Number of protein chains: 2
Amino acid sequence: MDSLTERLTERGWRMTPQRRVISSVFDVSGAANIHLTAEEVLERAVAALPEISRATVYNTLGELVDAGELLSVRVGDRITRYDPNVMSDHHHMVCNECGAIFDVPARGMRAPNTSGAADGFVIQSTEVIYRGVCADCG
Amino acid sequence: MDSLTERLTERGWRMTPQRRVISSVFDVSGAANIHLTAEEVLERAVAALPEISRATVYNTLGELVDAGELLSVRVGDRITRYDPNVMSDHHHMVCNECGAIFDVPARGMRAPNTSGAADGFVIQSTEVIYRGVCADCG
DNA sequence: TTCTACATTAGACAGCGTCTAAAGTTGGAT
DNA sequence: ATCCAACTTTAGACGCTGTCTAATGTAGAA
C-alpha cells in the first residue's frame, strides 16, 4: 500500500516540503487509533520544518479531508481531530477519564426506527461515540 | 408534569427573573426536536428581558445541564445545543441540507465488538448521530 | 426590615479555527 | 537550463463560541 505522501503525488498535488512533512506525520505503521488535533500536527510539523505556518497546517488538513485521505473526528469537545484510518469503517470509543480515543469496527449497526418527526429521513451515514472507561483507567 | 420553571423552584433554586425567562424558553408543549444554541436562547431571553446578560444565559444553561434538566448536544459543528428532551433516551438525525435536527428513539443498540485496541473498555453511554437528508429537503 | 449567600453583569479574555493579501515556489513548457 | 503562470505558503488580523473576573445587585430566610 502506498504511503499517504505517495498517494498525494499520484493525485497530482504539487509536492512541497510542507505537504511532505504534514503527510508524513500520518505515515506511520498501523493507522488505527491515531486522532491528532491540528495543533498536534502543527507541533510535529514544526519539529521537522520550523518555519511552517499554522495556516498551512490547517489548510492542508482540510484538503486531505476533502480528498478522502483523512477523516475529521469530533468527539464532543470543540476540537477537530484527524484520523488516517479511512479504509475500515469504524466508530469511536472515548475514555471519560483520560480522553483516549479508540477505533472500533462498525458492524451490524441497525437502522433506527424513524417514526415521528424524522419520518422520511434518508440516512447517508451513521456515527457512533461510545463513552466509558478504558482498560488502563478502569 | 411540572414545567421546567416549577421543577427548579422545587429543587430550591433561587428564582430570579432571568432564570424564569430562560427556563420558560424550554417550557413549550412537546419537548421533542428542540435543540437551541446558547445564542438562540439569549435572543429569546432578551426579547422578554432586554437587560439580561450573555454570561447569565451561559451560566444558567450550564447549571440546567448539570441538574439533568437539559442535555447538551453537539452534532459536529462547534456549537453546543440544548435539548429539553431528557425523559426519553434518544439519538439525533441531522439533515445535511438544512441542518435540522430530529430526535430518534434509542432502542436495540447493540454493543460493539471491542476486540483490539479497545479491549477492556467499559461502555457507559452511547451516542449516535445519523446524517442524511430530511423529508423536506429530499 | 435586615442581611448574607447567592445571582447577575459588562466586558476582557481564551481556544480553535478562518481569512486576507502579499510573497514565494513548483514543475510543465520552451 | 530558464521562464512563468498557477498554485502554495505566510504572518497576523479577525471571528465565533464560550469562560472568567470582580464589582454590583437581590431573593428570601429570619
Side-chain angles (χ1 to χ4, degrees), chain A residues 4-6 8-25 35-46 48-67 69-83 99 101, chain B residues 4-6 8-25 35-46 48-67 69-83 99 101:
Chain A
L4 173 53
T5 313
E6 288 165 336
L8 296 179
T9 303
E10 285 163 18
R11 278 175 186 276
W13 281 34
R14 187 180 284 187
M15 207 31 75
T16 64
Q18 293 84 349
R19 286 177 170 177
R20 250 188 295 277
V21 164
I22 293 167
S23 57
S24 73
V25 167
H35 308 95
L36 298 171
T37 65
E39 298 296 330
E40 286 167 349
V41 174
L42 173 59
E43 191 181 331
R44 296 180 190 204
V46 163
L49 189 65
E51 67 276 23
I52 198 171
S53 91
R54 221 158 73 92
T56 298
V57 171
Y58 277 89
N59 288 344
T60 304
L61 290 172
E63 289 157 4
L64 287 167
V65 170
D66 291 345
E69 295 286 356
L70 291 178
L71 296 174
S72 82
V73 175
R74 290 235 177 89
V75 292
D77 53 17
R78 111 191 29 180
I79 305 171
T80 301
R81 291 170 184 278
Y82 296 89
D83 180 347
I101 303 172
Chain B
L4 174 53
T5 312
E6 287 166 336
L8 295 179
T9 302
E10 284 162 20
R11 278 175 186 278
W13 281 34
R14 186 182 285 184
M15 207 32 73
T16 64
Q18 292 84 350
R19 285 178 170 176
R20 250 188 296 276
V21 164
I22 293 167
S23 58
S24 74
V25 167
H35 307 95
L36 298 171
T37 66
E39 297 296 329
E40 285 166 349
V41 174
L42 174 59
E43 191 181 332
R44 297 181 189 202
V46 163
L49 189 64
E51 67 276 24
I52 197 170
S53 91
R54 222 159 72 93
T56 298
V57 171
Y58 277 89
N59 288 343
T60 304
L61 290 171
E63 289 157 4
L64 288 168
V65 170
D66 291 346
E69 295 286 357
L70 291 179
L71 295 175
S72 81
V73 174
R74 290 235 178 89
V75 292
D77 51 19
R78 112 182 32 154
I79 304 172
T80 301
R81 292 170 183 277
Y82 295 89
D83 180 346
I101 304 172

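Small disclaimer: the values here were computed from a predicted structure and weren't measured. The basis for the numbers below is simple: all heavy atoms, side chains too, and nothing from hydrogens, waters or symmetry mates. Protein chains get the first letters and strands the later ones, always in sequence-line order, with residue 1 at the start of each.
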Query - Interatomic distance, Leu8(B) CG vs dA7(C) P [rounded to whole Å] - result: 11 Å

Query raised in the report: What salt bridge (charged side-chain N to carboxylate O under 4.0 Å, His left out) pairs are there with at least one residue in residues 8-17 of chain A, not counting sequence neighbours?
Result: Arg11(A)-Glu69(A)

**Report entry** Value in whole Å for how far the P atom of dG12(D) lies from CG of Leu42(A)
**Finding:** 15 Å

Report summary line: Applying side chain to side chain contact (heavy atoms under 4.5 Å, CB included) to Ser24(A) and not counting sequence neighbours gives none

Report task. Report the residues that fulfil side chain to side chain contact (heavy atoms under 4.5 Å, CB included) with Glu63(A), sequence neighbours left out, ordered by chain and then residue number. Result -> Trp13(A), Arg19(A), Asn59(A), Thr60(A)

Query raised in the report: Are any of Gln18(A)'s side-chain N or O atoms less than 4.0 Å away from OP1 or OP2 of dT10(D)?
Result: yes

Query raised in the report: With Thr9(A), which residues qualify under side-chain hydrogen bond (donor to acceptor under 3.5 Å, both in side chains), at least two apart?
Result: none

Report task. List the protein contact pattern of nucleotides 16-22 of chain C with one symbol per nucleotide (5' to 3'): B for base contact, S for sugar-phosphate-only contact, - for none; contact means a heavy-atom distance under 4.0 Å. Result -> BBBB---

Report summary line: Minimal heavy-atom distance between Arg81(B) and Asp77(B), with the atoms involved, is NH2-OD2, 4.3 Å

Query - B/S/- contact track for nucleotides 25-30 of chain D, protein heavy atom under 4.0 Å - result: -BBS--

Query raised in the report: Which whole-number value in Å describes the distance from Arg11(B) CZ to dA7(C) C1'?
Result: 18 Å

Report summary line: By side chain to side chain contact (heavy atoms under 4.5 Å, CB included), Thr5(A) pairs with (sequence neighbours left out) Ser3(A), Arg20(A), Ser23(A), Asp27(A)

Report task. Quick one: list whatever passes side chain to side chain contact (heavy atoms under 4.5 Å, CB included) with Leu49(B), sequence neighbours left out. Result -> Pro17(B), Gln18(B), Val21(B), Glu51(B), Ile52(B)

Requested in this report: Kindly write out the residues that satisfy salt bridge (Lys or Arg N to Asp or Glu O under 4.0 Å) with Glu39(A), not counting sequence neighbours, or none if the list is empty.
Outcome: Arg54(A)

Query raised in the report: Which heavy-atom pair separates Ala38(A) from Val57(A) by the least distance, and what is that distance?
Result: O-CG1, 3.8 Å

Name the pairs: protein N/O against N/O of nucleotides 1-4 of chain D, kept only if under 3.5 Å.
none

Query - Heavy-atom side-chain proximity of Val75(A) to His35(A) below 4.5 angstrom - result: no

Query - Length of the CG-P vector between Asp77(A) and dT17(D), whole Å - result: 17 Å

